[in-house]
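This report refers to the structure that appears directly beneath it.
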Amino acid sequence: MHEKFLKPYNPQETEEKIYKIWEDSGYFNPDNLPERHQKPYSMVLPPPNVTGILHLGHADMLAIEDTAIRFQRMQGKKTLWLPGTDHAAIATQTKVEKLLAKEGIKKHDLGREKFLDKVNEFAMDSQKTIISQTKRMGSSLDWSRLAFTLDEQRNLAVKTAFQRMYEDGLIYRKNKVINWDPKGQTVISDDEIVYEERKTTLYTFKYSKDFPIAISTTRPETKVGDTAVAVNPNDKRYKEFVGKTFEIEDFCGVKLSIKIISDREVDPEFGTGALGVTPAHSKVDEKMALDNNLPSKEIISEYACMKNVGENLNGKKVKEAREIVIGWLKENNLMMEEKEIEHNVSTAERTSAVIEPLPKLQWFIDVNKKFKLPHSKIEGIKTSEEVCLKDLMKKVVETKEVKILPDRFNKTYFNWIDKLQDWCISRQIWYGHQIPVWYKNKDKSDEEVHVGIEAPQENSWEQDPDTLDTWFSSGLWTFSTLGWPNKTNDLELYHPTDLLETAHDILFFWVARMILMSTYLIGEIPFKTVYIHGLVRDDKNRKFSKSLGNAIDPLDIIEKYGTDALRMSLLVAVAPGQDVKFSEDKVKAYKKFSNKLWNITRFILDNTQALGEIDFDSEELRKIRSSNLQIEELEKIISDITSDMENYRFYLASEKIYHYTWHEFADKIIEESKSKLSDPNLSDGQRKETQLILLYILQNILKILHPFMPFITEEIWSELPIKNKKLLMIENWPNSN
RNA sequence: GGGCGAUUAGCUCAGUUGGUAGAGCAGCGCAUUUACACUGCGAAGGUCGGGGGUUCAAAUCCCUCAUCGCCCACCA
């Protein structure tokens with residue numbers, strides 16, 4: 001008899017076996033799906049960084065995406081869910097550098113090539129781990145199409161994209177004030193800056209006794225690089241000085257020439273209402289300097305040390321220099337006030353180093369420059385219409401051609417676009433896509449530049465040593481994974497993708513950049529719907545992190561309760577965009593649910609053995625279905641659930657299935673059937689009808705529960721006496737044909 | 001400075017277009033040679049953050065206040 005069902009459900013014995021059956025079936029690959037699967041439905045996996053192992057956040061992402069794709073597959077779509085990993089340039093390089101440091105090895109000792117070998121080795125190891133963990137989550141990804149943001153095909157895509165943007169004048173190289181990370185020794189983009197609120201002292205002083213205006217600053221050491229003082233044009237206090245230039249013979253060992261200028265940006269209420277302008281070490285000041293034709297004086301080096309200044313300061317770290325300047329000001333009775341204030345300090349996301357703005361020759365993407373879009377399938381934008389990248393990013397969300405769930409993130413998105421400035425894409429690190437630009441006579445007056453896919457033939461050319469921001473290649477992900485720039489069937493069939501599911505913290509980094517790249521390069525949106533999930537937090541509402549020591553390995557939870565239970569705990573009642581509080585009790589609850597379902601099956605199988613194999617399409621069943629109240633109710637619930645699924649309301653659908661299964665089917669329908677089936681006066685026909693209804697409801701529950709709890713449902717399905725049975729993963733969703 | 005979100009049972013959170021407040025966990029009472037103790041039945045528990053408004057009807061829509069949280073921004 002059904003011996004398997006005599007013991008409680010055992011996920012450990014089941015899950016690995018089932019995953020193998022799925023993989024062997026080939027159905028993860030849309031090319032192998034049966035005939036009825038015609039209309040494509042596609043999604044790319046947000047590629048995990050190859051820096052380590054998966055955490056609960058990944059588990060959450062995989063649970064949601066697998067649920068989405070399994071639902072669509074059962075609905076008869078030609079489903080592609082495409083896997084890959086991200087090289088995560090800075091993060092991975094930093095990680096490997098740390099590992100090597102433990103062995104006492106520095107990257108410069110190895111040299112670029114050997115170092116990169118080490119990083120690659122690490123990345124590939126990491127990828128292997130990630131893949132096996134992803135499989136444990138039950139993810140029905142098409143492994144035959146696995147991609148990596150730094151593999152050859154993706155490199156071709158990156159070079160092609162770069163070249164095209166360069167030729168359209170959207171990529172330019174310029175010397176300007178950028179965000180320099182002195183610890184990571186690289187430029188970073190505005191989005192990689194994290195502002196930290198810190199207490200700082202605001203110093204108010206004069207450059208010299210005779211100087212007419214006092215200024216306020218939190219960084220006195222930078223004032224040796226000042227070339228102007230800016231005041232608000234409406235500030236009556238200073239009006240008489242605007243336009244004049246003052247020579248200061250000695251400001252802490254440096255000769256200054258300060259012009260008084262006026263600028264609307266200056267807040268008359270702040271400090272003294274006058275701002276010392278340091279063109280080389282502040283973006284705002286740089287702009288004022290350009291507007292007023294002021295000279296720029298570089299006084300801070302890449303190592304955050306002073307340079308081009310007096311003996312007393314040269315070579316000193318900025319913090320030491322600050323003390324020296326403060327001391328000098330006090331000695332000379334120029335310091336007027338010291339005040340504690342709360343101040344935002346910009347730090348680098350990866351290294352936490354304080355950012356030093358300084359001028360550097362870098363590559364940028366111009367987001368405001370107008371160009372003619374060669375091919376457009378975008379709503380509201382015609383082919384050859386003149387647009388800028390910002391317009392493209394804005395338009396597709398405005399028209400809802402790209403729909404963001406939940407809705408409120410639209411505002412966040414537009415807010416970001418409005419403030420967006422040119423994107424600095426070059427990085428001074430080794431690991432990543434090397435910039436496809438070659439120079440002849442570099443940095444000389446007769447410098448020549450070649451931008452292209454291949455290096456020029458002659459050997460007098462040298463390639464730009466810098467690499468591209470990792471998000472440049474991630475931005476191409478929806479179509480580089482489908483074979484672009486080649487014209488492939490995959491690209492034709494699966495792009496634009498249907499769903500992009502991701503966390504809200506990379507809405508700007510990634511989602512916006514994908515929209516930029518896709519609309520620009522292929523003239524269409526990258527995806528139709530963006531589903532944003534929240535953060536997974538611990539039971540005390542804290543983020544999971546290594547430093548807090550609260551990290552949970554999803555595999556431990558899977559060992560204990562099974563993947564299905566973990567998936568349900570992350571899905572039920574968690575609305576899009578909402579943070580999930582992870583609780584082991586919740587997982588436990590769905591482990592119990594697994595067992596409930598297991599026992600429901602045992603009861604039904606034990607009580608329907610006499611029936612033999614059942615054809616659910618038979619006339620007899622059709623009759624029962626059309627006249628039975630319980631089935632009518634079931635069908636109503638299924639139709640509700642289907643609509644929830646179609647509208648990505650997994651959090652509601654899963655709860656409804658749970659509730660129906662336990663409190664309607666088990667508690668009521670099965671309970672009632674007990675007295676019926678044990679009634680000796682029951683006719684054979686009535687008995688059979690009762691049995692058939694139980695089996696019919698069970699098989700429908702398995703179907704609608706499958707996207708959420710794929711393993712246990714597939715396992716039970718394999719034991720049901722159904723005629724013409726396929727794997728549950730490709731069965732028809734009820735009420736859809 | 002600008003924007004967004006949250007506030008519902010002891011705890012964690014659902015509640016799709018306004019129509020008699022829901023789940024999980026915890027706790028209470030009862031049942032139990034039961035498909036399932038990874039169980040069933042039952043009861044208890046809420047002025048849906050405060051105040052005001054719209055409506056026949058508000059957790060849901062509008063205004064306002066409070067507390068907590070998040071994001072953005074070149075106030076030196």
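Reminder, nothing fancy here: chain letters follow the sequence lines and each chain counts from 1.
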Atom C1', compared across rU64(B) and rG45(B): separation rounded to whole Å: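 These two C1' atoms come out 32 Å apart once rounded.
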Leu652(A): which residues meet the side-chain contact (heavy atoms from CB on, under 4.5 Å) condition with it, sequence neighbours left out?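 Counting only residues at least two positions away or on another chain, Leu652(A) forms a side-chain contact (heavy atoms from CB on, under 4.5 Å) with Asp644(A), Arg649(A).
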Consider side chain to side chain contact (heavy atoms under 4.5 Å, CB included). Of Ile669(A), Leu605(A), Asn607(A), which one does Leu694(A) pass it with?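 So, applying the side chain to side chain contact (heavy atoms under 4.5 Å, CB included) to Leu694(A) and each of Ile669(A), Leu605(A), Asn607(A), only Ile669(A) qualifies.
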Using distance only, find each side-chain donor-acceptor pair of residues 290-297 of chain A under 3.5 Å and give its atom names and separation, not counting sequence neighbours.
residue, atom, partner, partner atom, Å
Asp291(A), OD2, Lys287(A), NZ, 3.2
Asn292(A), ND2, Met288(A), O, 2.8
Lys297(A), NZ, Val224(A), O, 3.3

Please identify each residue that fulfils salt bridge (Lys or Arg N to Asp or Glu O under 4.0 Å) with [X], with sequence neighbours left out.
X: Asp60(A); answer: none
X: Glu221(A); answer: Arg219(A), Arg322(A)
X: Lys339(A); answer: none
X: Lys596(A); answer: none

How are the rings of [X] and [Y] set relative to one another: parallel (under 30°), tilted (30 to 60°) or perpendicular (over 60°)?
X: Tyr658(A); Y: Phe593(A); answer: tilted
X: Phe211(A); Y: Tyr207(A); answer: perpendicular
X: Phe650(A); Y: Tyr648(A); answer: perpendicular

Given [options], the nucleotide with the shortest approach to the side chain of [X]:
X: Val266(A); options: rA14(B), rC25(B), rA76(B); answer: rA76(B)
X: Trp662(A); options: rA35(B), rA73(B), rG40(B); answer: rG40(B)
X: Asn595(A); options: rA14(B), rC38(B), rA76(B); answer: rC38(B)
X: Arg602(A); options: rA35(B), rC38(B), rC75(B); answer: rA35(B)
X: Ala589(A); options: rA76(B), rC38(B), rG24(B); answer: rG24(B)

Base, sugar-phosphate alone, or nothing: which one does [X] contact when heavy atoms must sit under 4.0 Å apart?
X: Asp585(A); result: sugar-phosphate
X: Asp667(A); result: sugar-phosphate
X: Asp644(A); result: base
X: Gln421(A); result: base
X: Tyr651(A); result: sugar-phosphate
X: His504(A); result: nothing

Taking atom types as modelled, is there a side-chain donor on His533(A) or Glu501(A) under 3.5 Å from an acceptor on the other?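 Yes, Glu501(A) and His533(A) have a side-chain donor paired with an acceptor closer than 3.5 Å.
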Can you confirm whether the side chains of Tyr561(A) and Glu584(A) place a donor and an acceptor under 3.5 Å from each other?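 On atom types as modelled, these side chains qualify, holding a pair under 3.5 Å.
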Which pairs count as salt bridge (charged side-chain N to carboxylate O under 4.0 Å, His left out) when at least one residue sits in residues 505-515 of chain A, sequence neighbours excluded?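 Listed by first then second residue: Asp191(A)-Arg513(A).
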Output the pairing pattern of RNA chain B as a dot-bracket string, 5' first, Watson-Crick or G-U wobble with both distances under 3.5 Å, | for cross-strand pairs, [ ] for crossing pairs. (((((((..((((.....[..))))..((((.......))))......(((((..]....))))))))))))....
Residue-level proximity of residues 228-239 of chain A to RNA chain B when a heavy atom falls under 4.0 Å: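 Contacting residues: none.
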Near RNA chain B, under 4.0 Å by heavy atom, which residues of residues 274-289 of chain A?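 Under 4.0 Å from RNA chain B: Leu275(A), Val284(A).
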Side-chain donor/acceptor of Glu671(A) to base of rA35(B), under 3.5 Å: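 Answer is yes: a donor-acceptor pair is held.
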Heavy-atom donor-acceptor pair, Glu715(A) side chain to Thr14(A) backbone, under 3.5 Å: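 Not a single qualifying donor-acceptor pair exists.
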What's touching nucleotides 5-13 of chain B from the protein side, N or O pairs under 3.5 Å?
residue, atom, partner, partner atom, Å
rU12(B), O3', Lys581(A), NZ, 3.2
rC13(B), OP1, Lys581(A), NZ, 3.3
rC13(B), OP2, Lys581(A), NZ, 3.2
rC13(B), O2', Ala573(A), O, 3.4

Closest-nucleotide mapping onto RNA chain B: is Lys419(A) or Phe270(A) further toward the 5' terminus? I mean the 5' end.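 The residue mapped nearer the 5' terminus is Lys419(A).
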Distances under 3.5 Å only, N/O to N/O: pair up the protein atoms with those of nucleotides 18-23 of chain B.
none

